[in-house]
Structures are given as structure tokens and as C-alpha cells.
Novice: 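There's a structure below that I have some questions on.
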Amino acid sequence: MRGGALRHAAAGVLATVVFLGVADAAARFFAPTAAPLVALGSTLIEVTPPALQDFAISTFGSANKTVLLVGMTLGGLLLAVGIGVVARRRLGLAVAVFTVAGAALAALVLRRPETDPVDVVPTFVGSAIGVTTLVLLVRRAAAGWASSSSPGEVDPDAVRTARRAFLGLAGAATAVGAASLAFGRSVSIVGREIGGRAVRMVLPDPVVRAAAIPDGAAVDVDGVVPFVTPTDDFYRIDTALVVPELLPEEWTLRITGMVEQEVEIDMAEMLELPMEEHHITLACVSNPVGGELVGNATWLGHPVRRLLERARPLPEADMVLSRSVDGFTASTPLEALADERGSLLAVGMNGEPLPREHGFPARLVVPGLYGFVSATKWVVELKVTRFDRETAYWTDRGWDARAPILVASRIEVPGALEEVPAGTVVVAGTAWAQHVGVARVDVRLDDGGWQEVELAEEVSIDTWRQWRHEFRDVEPGQHAVTVRAIDRAGTVQTAERTEPIPNAATGHHRITFTVVER
Ligand SMILES: Nc1nc2c(c(=O)[nH]1)N[C@H]1C(S)=C(S)[C@@H](COP(=O)(O)O)O[C@H]1N2
Ligand SMILES: [Mo]
């Protein structure tokens with residue numbers, strides 16, 4: 001009977017929605033990762049094979065988590081329908097599956113680095129109410145319609161009453177599920193900004209101010225990305241499905257491991273330290289050629305070098321394993337944190353406290369290294385160690401342990417497939433080779449020779465550099481433009497195309513555009 005299957009499928013879905021909704025709502029009073037959906041998603045991120053993870057980041061960029069959530073929702077609906085359909089014939093089995101799924105989610109919650117044992121409470125409460133909903137709905141679904149399947153004894157009133165009872169209960173379950181999901185927060189995991197705005201942290205003035213950015217740092221071409229990336233447009237990449245909630249008063253940084261003196265500082269002490277401000281361009285190793293996972297900001301922080309001087313690393317140490325409150329780790333060559341380049345324990349970004357998504361209240365920013373080996377957000381520990389003793393999150397998944405940034409360049413104008421008027425065609429974009437510096441950028445039209453472009457003023461070797469070039473008398477029709485950069489060490493950006501793993505995609509950025517008669 002079709003209708004029966006449909007009612008039971010609906011019962012499965014509603015019970016699941018009630019479960020997840022109630023658990024999600026209850027999780028607001030616990031750790032963010034206490035929500036079972038969040039724990040499941042976080043675990044999925046952790047166990048996703050690196051190739052798939054890289055595909056997701058390269059393809060969906062900062063939206064990769066939305067894609068995961070949509071996938072999880074579809075998978076969950078399928079399982080819920082299955083449970084409902086099974087419940088039609090074997091309610092006991094369905095209840096068992098539901099309970100086991102609840103217990104499995106509770107186990108995932110427990111495994112998250114940010115959760116305490118009490119954080120399983122929302123999952124248990126949600127699961128108990130979900131199972132109850134399932135049983136009640138299935139009983140109604142069976143009872144009401146059962147009489148109509150034996151035509152001899154149809155009692156229209158009884159059928160109507162039973163239907164009303166089922167629909168009433170289903171309506172109530174829908175209301176409870178929807179209201180609790182709205183009150184909970186999994187639905188707003190993506191781009192959520194709670195607390196961070198409300199939490200006050202007053203940034204001290206820097207003792208070393210970043211150099212003013214000269215007008216000449218930007219080429220005057222519409223469509224080129226701004227030299228300083230506005231904070232709201234700054235790319236975001238991390239393994240955290242929910243942004244960790246770390247209050248300044250809860251935060252401490254510990255320097256441990258191979259040091260003569262362990263150091264621990266809290267935020268009050270941190271904000272007393274002399275602050276420096278630096279323009280630094282951050283880049284993600286997963287950025288596809290020509291991609292947007294790169295951004296430039298003015299960071300405010302205390303030099304990590306100074307903190308390490310207090311701890312006095314042992315001479316055998318060659319790496320610092322930085323750890324985030326959410327368990328993420330990065331392996332940074334000790335030298336990159338201890339030398340004069342001005343690696344920061346940053347608390348400010350573009351004149352404001354760090355936004356939550358970018359590491360509030362404190363993160364690392366290291367010129368010259370990809371983010372995954374250096375830019376730990378929500379950082380709480382710096383463990384001084386050796387590369388042959390410890391490995392970091394991404395190294396365990398096949399990526400490079402040290403990951404210096406490769407010289408790169410990108411065309412921003414004209415846009416890919418754009419139509420431009422015949423005559424002089426202006427081409428412009430950005431190039432970067434952090435901590436080495438961009439020495440030259442070349443472009444070529446179609447299969448012509450390389451031509452050197454006009455470079456914007458260099459602000460520092462740690463920031464990207466804009467460039468522009470004019471091609472004169474370009475014939476109407478389709479054309480391609482290719483770009484390459486050369487760094488100050490003489491390294492020419494290679495044309496060879498490689499995958500991002502283990503240390504960034506290589507190859508020249510090339511776009512096609514069409515020149516049309518005016
Ligand atoms: N805690 C934590 N920090 C992290 C990551 C992470 O997954 N977790 N990802 C790193 C990576 S891969 C990059 S590219 C940068 C991105 O920083 P952003 O999101 O502020 O742009 O953060 C780094 N810091
Ligand atoms: Mo990254």
C-alpha cells in the first residue's frame with residue numbers, strides 16, 4: 001500500500017528532524033561541537049581522503065562546508081526514510097537502528113577535541129525524544145488506516161479520527177523540529193558570527209606601525225582586486241565546521257616541548273606586550289592556478305620570535321608544532337618563527353580584532369609559508385620539537401611538512417571570456433612570492449613572445465604586487481593571454497601543470513577573451 005509507505009517514511013523523517021532539532025537546540029547550552037550534526041560533519045571532514053578534500057576546496061573554495069552540509073542533509077533524509085519504511089513491518093528493528101545511530105553520534109561528539117563528557121547530553125535527549133516520536137507516529141500510522149484495509153469493517157468515523165490523530169501528531173512533530181532547528185545553530189553553521197561581535201577586545205596601539213600604503217601600490221585598472229583585502233572578502237579555509245568559540249579570558253598560549261623554560265601567557269598579558277603591525281599576504285596551498293584563495297591584510301600582533309626568546313628552544317629543535325583549540329596542528333620550521341621576518345602571534349586584522357572565522361582571539365601569521373603549515377587560527381599551544389619526531393594535520397594526509405610559498409601570478413583583467421573593444425587592450429592582475437619578493441612579471445598574447453609588464457610599487461617582499469600591461473592594435477577575434485612571474489631569487493614561475501598536493505598547484509594562468517569592433 002503506497003500511502004502506508006509514505007506515512008511511514010514521513011514518520012521516519014519527522015522523528016529524525018525532531019531528534020536533530022532538539023539536540024541542536026539543546027547544544028546551544030553546551031560546546032558548539034555538542035550538536036550531533038556538527039560532530040558528524042567535523043568527523044567527516046577529518047576522515048575525508050585528502051584528494052577529495054582538495055577537490056572540494058579547489059572547486060568550492062570557502063563554500064566547501066556548505067556543500068558538505070547539503071550532502072549530509074541528503075544522506076540523513078535517506079536514512080530517515082529507510083528507518084520509517086522498516087518501522088512499518090518491524091518497529092523494534094527501526095527503534096534499534098535509531099538508537100544505535102543516536103549512540104554512534106554521541107560517540108562522535110565525545111571524540112571532538114573541544115567537548116567534555118557532559119556534551120553528549122543534547123544527543124541523548126534528542127535521541128530519546130526522536131525515538132518516542134517515531135513510535136507514536138508509527139502506531140498512529142498503522143492504527144488509523146488499518147481498518148480501511150479490511151473493507152468489511154470500515155468505520156468511516158474511526159478512520160477519520162485515526163487520520164486526524166496521525167496528522168495532528170505529525171504537525172506537532174514538524175513544529176517542534178522546525179522551531180528547535182531554528183533555535184539551534186547547525187543550520188547557521190556556515191558564516192555564522194555569534195558572540196565574536198559582542199565580545200569586546202580592545203586592541204593596543206602598535207609600537208611598530210605598518211608602512212603607509214603608497215598610491216603607487218595599486219595599478220589604476222578597474223577590476224583588479226584591492227591591495228588590502230577587505231576582511232569580509234578575505235578567503236576562509238579551515239577544517240572547523242563550527243567556528244571555535246574561544247573567549248579572550250579563556251585563552252592562554254603555552255610554549256612547550258624542547259625549551260629551557262615553558263612559557264604560558266593569557267590575553268591580559270598578551271595585550272600588554274609591544275605590538276607590531278605588518279602587511280602580509282596569506283595564501284592557501286589548495287589555491288588553483290588563477291584562484292582566489294589568497295588575500296592580503298594588515299595584521300597586528302606580537303612577534304613570535306620574542307615569545308620563543310623567552311622559552312629558549314634547545315639547539316636540536318627545528319620545528320614548532322602549533323595547535324589550535326579544535327585540534328588542528330601545523331608544522332612550521334622553527335627558523336621561520338625565530339628569524340627576523342616578523343612572524344606574528346596576531347590579534348588584529350585590518351584594524352579590528354580578528355573575526356571569529358579568522359582565528360579570534362589569536363592566530364599565527366608567517367610570511368612566506370602556505371597557511372596550512374603556519375597560519376594556525378585559535379592557536380593555544382606552540383610545541384617546540386623536531387620534524388623527525390612530530391607531524392602535523394596535513395602532513396599526516398600526504399602534504400608537505402614545510403611548504404614554502406611558490407612564486408605565482410594571476411590575470412584579473414580582462415575577465416575570462418570577456419569581450420573588449422578593439423585597439424589597446426589593458427591586462428592587469430596580481431603576483432606574489434612572499435618573503436622573496438616579485439622581481440618581474442611577463443605576459444604574452446596568444447603564442448607571441450613574453451613581454452615585461454609595468455609593476456606597481458612594492459610595499460614589502462611579504463605582500464603581493466599588482467601589475468598592468470597594454471597590448472596595442474589587437475585584432476578582433478578570440479585571443480589568449482598568459483602570465484608568469486619571476487621572484488627576486490631568479491625563480492621563474494614554471495609552466496608545468498601540477499596538482500596542489502603536496503605543495504601547491506603550478507602552471508601559468510591563461511585566460512581567453514574576445515576583441516570586438518567598436
Ligand atoms: N585552526 C586552524 N587553523 C588553520 C587552518 C585550520 O584548518 N584550522 N587552516 C589553515 C589554512 S589551510 C589556511 S590557508 C589558513 C587560512 O586562513 P584564513 O581562513 O584566515 O584565510 O589558515 C590556516 N589555519
Ligand atoms: Mo590552506
Side-chain angles (χ1 to χ4, degrees), residues 32-33 41-42 45-46 48 50 53-54 56-58 60-65 68 112-114 190-191 193 196 229-246 251 253 280-288 291-299 301 320-332 343-350 352-382 392-397 399-401 403-406 408 432 434 500-505:
T33 41
S42 305
I45 290 175
E46 214 174 86
T48 302
Q53 207 155 15
D54 185 62
I57 293 174
S58 302
F60 305 115
S62 300
N64 68 80
K65 293 191 183 88
L68 171 71
R112 303 311 310 160
E114 303 139 278
V190 183
E193 275 194 54
T229 312
T231 303
D232 288 344
D233 297 342
F234 206 95
Y235 80 93
R236 173 190 165 199
I237 292 293
D238 54 60
T239 60
L241 189 55
V242 286
V243 185
E245 276 174 34
L246 193 53
W251 177 88
L253 179 83
I280 298 169
T281 300
L282 216 66
C284 182
V285 72
S286 299
N287 197 29
E292 286 164 7
L293 301 179
V294 55
N296 183 49
T298 308
W299 306 94
V320 173
L321 191 74
S322 52
R323 183 182 304 278
S324 157
V325 71
D326 70 352
F328 173 87
T329 52
S331 56
T332 313
S343 297
L344 294 178
L345 175 60
V347 290
M349 178 180 188
N350 295 336
E352 306 258 349
L354 296 170
R356 279 202 173 219
E357 312 85 89
H358 295 292
F360 185 84
R363 73 173 305 170
L364 294 177
V365 181
V366 179
L369 304 179
Y370 285 114
F372 80 106
V373 294
S374 67
T376 303
K377 304 190 269 191
W378 317 289
V379 63
V380 291
E381 186 190 356
L382 302 180
Y393 184 94
W394 285 110
T395 319
D396 293 337
R397 290 162 175 78
W399 295 75
D400 194 26
I405 292 178
L406 306 181
W432 57 90
Q434 288 90 317
I501 194 166
N503 191 32

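Atoms within each ligand, like the ligands themselves, are counted from 1 in listed order.
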Novice: Could you list which atoms of ligand 1 come closer than 4.0 Å to a heavy atom of Phe234?
Specialist: 21 (O)
Novice: Should you measure from each heavy atom of Leu282, which atoms of ligand 1 turn up under 4.0 Å away?
Specialist: 17 (O)
Novice: Answer yes or no: does an N/O atom from Trp378 fall short of 3.5 Å to an N/O atom of ligand 1?
Specialist: no
Novice: For atom 24 (N) of ligand 1, find the nearest protein heavy atom and state the residue, atom name and distance (0.1 Å precision).
Specialist: Ala375 O, 2.9 Å
Novice: With respect to atom 6 (C) of ligand 1, which of Thr231, Asp238, Asn287, Asp326 exhibits the smallest heavy-atom separation?
Specialist: Asp238
Novice: If we ignore hydrogens and angles and just use 3.5 Å, is the side chain of Trp299 paired with the main-chain N or O of Ile280 as donor and acceptor?
Specialist: yes
Novice: What protein heavy atom sits nearest atom 17 (O) of ligand 1, and how far away is it?
Specialist: Arg363 NH2, 3.1 Å
Novice: Note the single closest protein heavy atom to atom 12 (S) of ligand 1, along with its residue, its atom name and the distance in Å.
Specialist: Phe372 CB, 3.5 Å
Novice: Which part of Tyr370 is near ligand 1, with near meaning a heavy atom under 4.0 Å away: side chain, backbone, both or neither?
Specialist: neither
Novice: With no hydrogens and no angle check, is any side-chain donor or acceptor of Ser331 less than 3.5 Å from a backbone partner on Ala392?
Specialist: no
Novice: Could you tell me, atom by atom, which parts of ligand 1 come under 4.0 Å of a heavy atom of Thr376?
Specialist: 3 (N), 24 (N)
Novice: To check you understand the geometry: which heavy-atom pair defines the closest contact between Glu114 and Val325, and what is its length?
Specialist: CG-O, 3.5 Å
Novice: Show which atoms of ligand 1 fall inside a sub-4.0 Å distance from at least one heavy-atom site of Thr239.
Specialist: 6 (C), 7 (O)
Novice: Tell me if a side-chain donor or acceptor on Lys65 pairs with a main-chain N or O of Val242 at a distance below 3.5 Å.
Specialist: no
Novice: Nearest non-hydrogen atom to atom 5 (C) of ligand 1 belongs to which of Phe328, Tyr393, Trp399?
Specialist: Phe328
Novice: Can you tell me the protein heavy atom closest to atom 21 (O) of ligand 1 and the distance?
Specialist: Tyr235 O, 2.7 Å
Novice: Any donor and acceptor pair, going by atom type alone, linking the side chain of Gln53 with main-chain N or O of Ile45 inside 3.5 Å?
Specialist: yes
Novice: For atom 19 (O) of ligand 1, which protein heavy atom lies nearest, and how many Å away is it?
Specialist: Lys377 NZ, 2.5 Å
Novice: Answer whether the closest heavy-atom distance between the side chains of Phe60 and Leu68 falls below 4.5 Å.
Specialist: no
Novice: For atom 10 (C) of ligand 1, what's the nearest protein heavy atom and its distance?
Specialist: Gly371 O, 3.8 Å
Novice: List every atom of ligand 1 that sits less than 4.0 Å from any heavy atom of Cys284, numbering the atoms from 1 in the order shown and giving each element.
Specialist: 14 (S)
Novice: If only atom types and distance count, is the side chain of Arg397 paired as donor or acceptor with the main-chain N or O of Glu46 below 3.5 Å?
Specialist: yes
Novice: Does Arg236 qualify as a cation-pi partner of Phe234, given the criterion of NZ or CZ under 6.0 Å from the six-membered ring centre and within 45 degrees of its axis?
Specialist: no
Novice: Closer than 4.0 Å to some heavy atom of Ser324 - which atoms of ligand 1 meet that?
Specialist: 1 (N)
Novice: Can you name the nearest heavy-atom pair linking Thr329 to Tyr393, along with the distance?
Specialist: OG1-N, 2.9 Å
Novice: Please check this pair: side chain of Glu292 against backbone of Tyr235, looking for a donor-acceptor N/O pair closer than 3.5 Å.
Specialist: no
Novice: For atom 9 (N) of ligand 1, what is the closest protein heavy atom, and at what distance to 0.1 Å?
Specialist: Ile237 O, 3.4 Å
Novice: Can you tell me how far OG1 of Thr33 sits from CD of Glu245, rounded to the nearest 0.5 angstrom?
Specialist: 9.5 Å
